[in-house]
Amino acid sequence: MNSELRTHPYNPGEIEPRWQARWEELGLHTADLHASDKPKFYLLTMYPYPSGDLHIGHWSIIAPTDVAGRFKRMHGYNVFFPFGFDAFGLPAENAAIKGGIHPRDWTYGNIATMRRQVKLIGAALDWSKELITADPSYYRWNQWLFLRFMEQGLAYRQMAPVDWCPKDLVVLAREQVLGADRVCWRCGTQVIKRDLEQWFFRTTKYADELLSYQGLRYPEPLKVMQTNWIGRSEGAEISFKVADQSGAEIRVFTTRPDTLFGATFMVLAPEHPLVDALTHPDNKAEVEAYRFEARRKSEIDRLSTDREKTGVALGAQAVNPISGERIPIWIADYVLSTYGTGAIMAVPAHDERDFEFAQRFSLPIRVVVASTDVVPDMMDTAFVAHTPDEVLVNSGDFSGMPAPEGAKAITAKLEGAGQGKSAVTYRLRDWLVSRQRGWGAPIPVVYCEEDPSCGMVAVPDDQLPITLPDDIEKWPAQGNPLETHATWKHTSCPSCSGKGRRETDTMDTFVDSSWYWWRYLDPTKEDGPVDRALNEAWCPVEQYTGGAEHAVLHLMYARFFAKALNDLGLVHEREPWKRLFNQGQILGEDGERMSKSRGNVQDPDALVARYGADTVRLFLMFMKPWAADAPWNAKGIEGVSRFLRRLWTVTTDPMGKEPGDAESGRLPAGLTAEQTADDLRRMAHRTLKRVTDDHAEFGWNTMVSALMELNNKLVRLRGSEIAGGDAWDETVRLTLLMLAPMAPHFAEELWSRRLAARGEEWASIHTQRWPEYDPALVATDQVELPVQVNGKLRDMITVATGTPAAQIESLVLGREKVRGYLEDAEVVRVIQVPDRLVNVVTKPK
RNA sequence: GCCGAAGUGGUGGAACCGGGAUACACGUCCGACUUAAAAUCGGAUGCCCGCAAGGGCAUGUGAGUUCGAAUCUCACCUUCGGCACCA
């Protein structure tokens, strides 16, 4: 501990553990979930993965969230603010492989450490409902929910091309593959494609509903990200008959049915199922070679947008259903098998990619949409812009129609002929949930090895949980330990009792985090995952806080779960939380992301040892707007540390004097004691209004500044005639109450001393009501008005609020400074914003 | 390339509805206290000109709207985040 804290009487190292123990003893933070006397407020912050180290980033989520909860408590709410651990996951397995320790032991050891570290924050967390997802009492219900999903067709198993991380040896959900480099979200290794039989959750069932954010307070950018991820496109599905005797049809999806007359060729994805049947014998060798290449190429090569287009013709033709025209069929890897129908009609005149392809292979380009902006003969790029004046051309009977109407008319015509219909397509894919790992919730399915008619059998509810084996001595570096375990996967078929083999895939850890807040309500419940009565009483969650990095991961999966569980009748709501806040990141002092390898990590334990938890909390709130990213500043924390010590000083010793303080003990020049006291009270109540208002938008940084300003005022008045008087005392009382949510130990200590000094019975400051400001004191009776001449500040006047405009005008025009500007000019008009500003507008004479 | 967020002193940031730009804090400088240092207390601190009074210029750049723009509009630049041939 440094010298200033040793010498100063404020000693957080002594105060904080003492009060934390006392609060726990009183059960101050344990919510009675069945109480009905108070309004309820479910406050949730993202539970952490127990990596072993609590870092300052965790603090910057938990501490301000705690402030919000404490503020609500002081308004009489029954606040439920639980905590737990997202305990399954790969780091534990990696530790097991490296250190020879069972993932369970590693994880639970880390949890013990982190629990102690979280408690240092002094947050009003309800630990009585703590849950750990790696506990069978939790993942049992993952399995139970999985079975219900299977029954509803929300969980299914399918062979599909999937993303595989060659380092972690698992498949990944589409959302877990990041960036253009297509790397694993966890380890950063580039993924590869594999065809594998995997489990999926049918997230696409709720694609449309997920697009609606009605009644939700989410950050706008997050809504945009989710909306883009879901990627809804409206258009038409159109069938092109193949021009042979096979009767085969190629279905395409297009957002531009209005351009159908401009389709001059078709392109299938190389993996399209019709390719073999359509390939002309003469083209076979070339097509095979192309498909082989396409398969060999990594996804990154295929998806690179600046790559030159490639493709080969199949030697077959299709018939345009609207014009009867015959057009060639190609395959090219710029068409994706996983989107739409895996085939497109190519309209080079009105699509950039098709244009490029047509140019490369000298295919015809026909303009069918024209506007004043397009000169058809001189196209060097596709015309895709939507202009209000565009009309169809070269489009038979449809020529002359405005493009949007043409799209509708063409679709209608096709529909009549049974060759098309309007259609909607999404980018969103179903969620791939199975993982080939040994530290996760086992998927509750058995494959019968005796009776083929049994096949895949769901494990009956009464056989849950299927627990993980805990006798794995050495965690295998390669492969799934459930697969290689001597006995674990061997079981009997629940259907025929013959020999059976367990599913050895486990669930994605995002399944765990998709429903944990419901389990918090009753984490030991034995007869179901969620207590329905408590769910109705407490959900949806009022406020959820956490990082934005989960925008299309956890935050979308959880919304899917809310809809699925609602459909199952398990919860009463369809959206999990009403309001969501994404806090920003604290960067290292070098402005880079904090990481051990960079050596720029701030250790919260060390900071607490040096400054105390209250100072760290306060600094986290003061240093930046909550949503912003900003670098840590080791010097900056001294400012809030100083603030608390000064507040301690003025509170405990109002009449004292600091060394070298010549000004000390004097009232402000020209003011009486009465006026000074009045000013102080006004400032205290104005501060109370500012702080109260700032809570609504989580404006922590300005809230702390306001308290600092008020404190500076007290420091200036220390030792003066009014120090320790009524106005002073009221100011101190309000300051402590305002500070209580932010610096709970500090405020509690001074509050208890204050009560003792007044001979009043002790009651925790955290059970006090939030004070209300006096509107009369907040209102001003005099204002200082800036006076502008032609928009430039030239003078200031002080007037009573509500002074009539005419009176102000004559006052302003009579001011010496203003008159100086009027010598060579005449007044055109005088603009007044009541109580804000006066602006004299002139023009030269 | 597309989508989103953001650019304000030496630094983190404030400025609510278009109305005093730079609150609060860090840092720096000067002073007090001290044998001295630390701590503490007081003062100064956007840039330029000026002894001063005062004046001019400043919110990424350039235009525009307005009596008045950090704030609104358009174009552009930079940084960060997301997406990445999605038909």
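Side chains included, hydrogens not; waters and symmetry mates left out as well; all remaining heavy atoms used. Chain letters run A, B, ... following the sequence lines, proteins first and then strands; every chain starts at 1.
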Write down the distance separating the C1' atoms in B:rC80 and B:rU73, rounded off to the nearest Å.
25 Å

Rounded distance in Å - CD (A:E220) to P (B:rA6):
11 Å

Please state whether the phosphate of B:rA87, meaning OP1 or OP2, lies under 4.0 angstrom from any side-chain nitrogen or oxygen of A:S233.
yes

How would you summarise protein contacts on nucleotides 15-27 of chain B per nucleotide, using B for base, S for sugar-phosphate only and - for none, with heavy-atom distances below 4.0 Å?
----BB--BBSSS

Report which part of the nucleic acid A:D629 touches: base, sugar-phosphate, or nothing (heavy-atom distance under 4.0 Å, all strands).
sugar-phosphate

So, is A:K223 close to the B:rA5 phosphate, meaning a side-chain N or O under 4.0 Å from OP1 or OP2?
no

Sugar-phosphate, base or nothing in reach of A:Y821, heavy atoms under 4.0 Å:
sugar-phosphate

When the aromatic ring centroids of A:F619 and A:W632 are compared, is their separation below 6.0 Å?
yes

With heavy atoms under 4.0 Å as the rule, sort A:R794 into base, sugar-phosphate or nothing.
sugar-phosphate

If you measure from the C1' atom in B:rC83 to the same atom in B:rA15, how many Å do you get, rounded?
35 Å

Look at the rings of A:W700 and A:W626 and say which category their plane angle falls in: under 30° parallel, 30 to 60° tilted, over 60° perpendicular.
perpendicular

Rounded to the Å, how far apart are A:M556 CE and B:rC83 P?
11 Å

Base paired to B:rG12 (Watson-Crick or G-U; both N/O distances under 3.5 angstrom):
B:rC24

For A:F240 and B:rA87, what is the distance between atoms CZ and P respectively, to the nearest whole Å?
16 Å

Verdict with reasoning, A:R427 to A:Y339, per side chain to side chain donor-acceptor pair (under 3.5 Å):
CA-CA 7 Å; A:R427 290 188 179 201; A:Y339 180 80; 5.6 Å; no

Charged N to carboxylate O below 4.0 Å: is that the case for A:E638 and A:K635?
no

For nucleotides B:rU61 and B:rC49, find the distance between their C1' atoms and express it as a whole number of Å.
26 Å

Result for 5'-nearest mapping on RNA chain B, choosing between A:M345 and A:V177, is A:V177

Please give, in whole Å, the distance from B:rA5 C1' to A:N582 CG?
12 Å

Using atom C1' in both nucleotides, what's the gap between B:rU71 and B:rG60 to the nearest angstrom?
15 Å

Check: A:K657 side chain, B:rC41 base, donor-acceptor under 3.5 Å
no

Could you state the CG-P distance from A:D795 to B:rG54, rounded to the nearest angstrom?
11 Å

To the nearest 0.5 Å, what is the distance between CZ on A:F622 and CE on A:M708?
4.0 Å

Could you check which nucleotide pairs with B:rG4 in any of the strands shown, counting Watson-Crick or G-U wobble with both distances under 3.5 Å?
B:rC80

If we take the P atom in both B:rU22 and B:rG10, what is their distance in whole Å?
15 Å

Under 6.0 Å between the ring centres of A:F361 and A:F265?
no

Spacing of A:T702 atom OG1 and A:M621 atom CE [to the nearest 0.5 Å]
12.0 Å

Nearest heavy atom decides the nucleotide; on that basis, is A:V224 or A:G340 closer to the 5' end of RNA chain B?
A:V224

Phosphate oxygens OP1/OP2 of B:rA87: is one of them under 4.0 Å from a side-chain N or O of A:Y339?
yes

Which part of the nucleic acid, if any, lies within reach of A:P625 when heavy atoms closer than 4.0 Å are counted: base, sugar-phosphate only, or nothing?
sugar-phosphate

In whole Å, measure the gap between the C1' atoms of B:rG68 and B:rA21 for me.
14 Å

Which way is the base of B:rG9 turned, syn or anti, if we draw the line at 90° from 0?
syn

Rounded distance (Å) that lies between atom C1' of B:rG43 and atom CZ of A:R666
14 Å

Between B:rA52 and B:rU8, how many Å separate the two C1' atoms, rounded to a whole number?
31 Å

Whole-angstrom distance between B:rC3 and B:rC76, as gauged at atom P:
12 Å

Return the minimal non-hydrogen interatomic distance between A:R251 and A:T341, and the atom names on each side.
O-OG1, 2.6 Å

For B:rC33, the Watson-Crick or wobble partner whose two distances fall under 3.5 Å:
none

Sugar-phosphate only, base, or nothing, as touched by A:T649 at under 4.0 Å among non-hydrogen atoms:
nothing

Answer yes if the ring centres of A:F746 and A:Y10 are under 6.0 angstrom apart, and no otherwise.
yes

In whole angstrom, give the distance that lies between atom CG of A:L178 and atom P of B:rC83.
6 Å

Mind calculating the distance between CG (A:L428) and C1' (B:rG82) to the nearest angstrom?
16 Å

